[in-house]
Amino acid sequence: MKFAALIWAALWRRPVEAVLTWIAMTAAFVLFGMMIGLYRDKELQFTAGLSNEIWVLPRFPSDPYVGLPLSVGKSLERFRGVSAVGAWQHFGGYRRGPDDPVDIDMVTEGMRHARPDAPVKKQQWNRLFADPSGILVSQELAQKLQLKAGDRLPINTPPGIRADGGTTSIFHVLDVIPQDPLFTDGVIWGNANYIENVLALDRRGVGYAFIVSVVDPAKAIEVSQAIDAHFLNSDAPTYSIPFRIDEEQQANQNINYATLTWGVAGAGLLMALFLVGNGIARSVRERLSEFAVLITLGYSQRLLMGLVFAEAAVPCLIGSLWGTGLATLVLQLPMRYVPDALRILFERQDLSIEVYVWAVFFALAVAFASSVAPLLKLRRLSVASALSGQ
Amino acid sequence: MNGLRQCLWVTAIGLRSWPRRAIPSTVVIVGTACVVATLVSILSVQAGMLRMMETTATPDTALVLSSKTPNVHAADITPSELGTILDAPGIAHTSTGKALADAELLYEIFPETGFRFSHLSIQGIGARGPTLQKDFTIVEGRLFKTGRHEFVVGKTARDVFGVAAGSSVTMPDGRWPIVGVFTAAGGAIQSGLVTDAETLRASTHKLGYGSILVRLNSAADFDRFKQWLLHNPALQVTAERQSEYWQKQGLGPFYAHLGYLVAAVLSIGAFAGAVNILYGVVSDRRREIGILRAIGYSPLPIAISVVAEALLVSSAGACVGLGLAWLIANGHRITTYTGIFSAFLAPHLIAMAVIWALAIAILGAIPPAIRAARGSVSSGIQAG
């Protein structure tokens, strides 16, 4: 307790400067929280169970989209290192009018093994593949489309899509599933058997893309290259890319996200470092005689050094927690107040505890780095000289 | 006049004792440098993008797009509409009377080796395409021949994707050789491959064109030209100034908003740091200020000298920040859907950064300057 009083007295020696230092630290850690939060989100996105999955897409775009034949899936299953293959195809239409579009991702049974990380329970997959018109709707889309288990979802399509000449397909919501990390905007899973039975004959068996799961994630690139080489001269050339690489490419499409986030966070910390360092150096310089008195009274030099470090650490720690907390609040701003261009920064609703841990770690690092020079000065302190005012 | 002289004298006296305060001043220099470096680095991305787009588009060029899908990536302008579009008023003509317009088509393919986010874009152009592109020059090999499966590659695409003259690219109907390399004043077209539009259309089974690029007699003819197209019942097209179209496609707004957000938050820290340090400066000069007040100097020149010192130190910070931004960002190559370009420290960014830094200095110097001006003579002389 007596040490707390000493630290408090040291901090509050110049109240205005203490408050200003705390404000600067808070500003630095607001940026730190936002930037490192974004960085961690991206990192998690890359590593969350996506390392052994590969997209297999048509190599050449086409308009209208013709995709890959369903039969490609059979060939993919025979590749060495492939553990599962799931095919999917968009089935798009609208509900009330063309301005109310809905897309269903129709998948084959292989998808349950190709996407083991998908937040779909075994029973839900079973029900989906047992019911051709059944669908599983992710929470976001269920909320947006106001759907719940048991509801019907009629989808209108232009004439010529269905073999029977009809223009309405009716689906049944089997269940609402949690958010899929791969489809952050939401997803509706449907049963590919449905389209294979109702689409016009020339539309069946085509228009697919695949998700391939590999046994060894370290060989995902090798398998991707083997797949593309195999289909290069076929009627259906492919472009295969491991999920993780695809995510990284997208995140780094303009500027390397790690450089951007750590660069901005680092700029704030550098500024804070110089400010705290200057403050603590000045504080020690002005109080050398006071330290000499304390040593004379029996305080060990190590204890005094600890007190000086604490004097640097307290504003850093308070600033880091305040700043990161403020960043959490800012990120919870309703989207309507956020400019469209910046929404990528505000997509997550809160910062993980890991970001707070990082903030505390860097606050202590700044405190340590800023107090090194004053601590060395204190270590070399000559009590007699200091007491005599030299 | 006397007041101005006093300001100059007091500022000079203050600066003479500045070396004593050099170390604390680094806080202001570093703080300002951090603000300037991040602001300018981030905004240089937007500046680079705008520079590429300005190179791509001139005020007198317009794009005719399908009204159904007003996007150059579509292929909804039918060949039958082309002849009618070329009759529109306002289009410039060559000396032989041919309309300065070109039907174009965009197609994108994945890179053949490795993984890369950006697709390799292929632009199909017609006979007048090279004339309509700014400074289109073949720098190696030759131009593609109409009707043949061959490309020329932009210099930027060659450097980024490694597709040089002499190599070939796999298309849906086989391998197409690259027969030349071109430059186009650094415009977006330089970020991809270029070939004959009709050959590309046949190869990719596209039914129409994505856009018609036209040169108008003058920029003022655009409205008349657009209205004619919109009111022609035989056409289902619209028109946009080329410059406006490209500006809408870019990611510039993200970088602009991010740059200002980051700079604003950092500025709070830099401001707090500046106030903190300048209070120290005033404290350090208390005796000097007391003596000056005692011999008749008024408070205003003393306050101004504090602001002047802050401006000087912040200017140094701005220079450091600009230097850092130059090293980190300037020339950094960025690949986007709309093209490949380099980040660019535009002169207006440099001016804005300097103004930003000076604003931090002035705002940060006001409270300490007030304290300096209000300091009593007796306590000042007794100090130190």
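Here is the naming used below: chain letters follow the sequence lines, and residue numbers restart at 1 for every chain.
More than 12 heavy atoms of other residues, nucleotides or ligands shown are found within 6.0 angstrom of CG on A:Leu232. Counting non-hydrogen atoms of neighbouring residues, nucleotides and ligands closer than 6.0 angstrom, the CH2 atom of A:Trp322 reaches no more than 12 such neighbours. For B:Leu327, the CG atom is densely surrounded, since the number of other residues' heavy atoms within 6.0 Å is greater than 12. Within a 6.0 Å sphere centred on CH2 of B:Trp326, heavy atoms belonging to other residues, nucleotides or ligands number 12 at most. For A:Asp202, the CG atom counts as densely surrounded, since its 6.0 Å shell holds more than 12 non-hydrogen atoms of other residues, nucleotides or ligands.
With rounding to the nearest 0.5 angstrom, the CG atom of B:Leu258 is 5.5 Å from the CE atom of A:Met35. Note that CD1 of B:Ile328 and OG1 of A:Thr259 are 10.0 Å apart. Values are rounded to the nearest 0.5 Å. A distance of 8.0 Å separates CZ of B:Phe110 from CD1 of A:Ile241, quoted to the nearest 0.5 Å. For the atom pair CG of A:Leu20 and CD1 of B:Ile268, the computed distance is 12.5 Å after rounding to the nearest 0.5 Å. Residue B:Asn276 holds its CG atom at 7.5 Å from CZ of A:Arg282, rounded to the nearest 0.5 Å.
Looking at B:Ser283 and A:Glu17, their side chains never come closer than 4.5 Å, going by heavy atoms from C-beta outward. Counting heavy atoms from C-beta on, the side chains of B:Thr170 and A:Arg59 never come closer than 4.5 Å. Inter-residue side-chain proximity for A:Val264 and B:Ile42 is flagged as met; some heavy-atom pair is nearer than 4.5 Å.
Interface residue B:Ile277: only side-chain heavy atoms are found under 4.5 Å from chain A. Both the backbone and the side chain of B:Ala270 come within less than 4.5 Å of a heavy atom in chain A. For B:Thr204, no part sits under 4.5 Å from any heavy atom of chain A, backbone or side chain. If you measure heavy-atom distances from B:Tyr107 to chain A, the contacts under 4.5 Å come from the side chain alone. Of the atoms belonging to A:Thr21, heavy atoms from both backbone and side chain fall under 4.5 Å from chain B. With a 4.5 angstrom heavy-atom cutoff, A:Val19 does not touch chain B via any of its atoms. For a residue to count as touching a neighbouring chain, one of its non-hydrogen atoms must lie under 4.5 Å from one of that chain's; by this rule B:Val30 touches chain A with the side chain only.
Of all the heavy atoms in A:Ala267 and B:Cys34, the pair that sits closest is O-SG, 3.3 Å. The minimum heavy-atom distance between A:Ala27 and B:Gly269, with the atom names listed, is CB-N, 3.8 Å.
When the candidates A:Leu31, A:Leu273, A:Ile23 are compared by the number of heavy-atom contacts under 4.5 Å with chain B, A:Leu31 comes out ahead.
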B:Leu261 and A:Met34: CA distance, side-chain angles, deciding distance, side-chain contact (heavy atoms from CB on, under 4.5 Å) verdict: CA-CA 11 Å; B:Leu261 174 75; A:Met34 291 175 76; 4.0 Å; yes
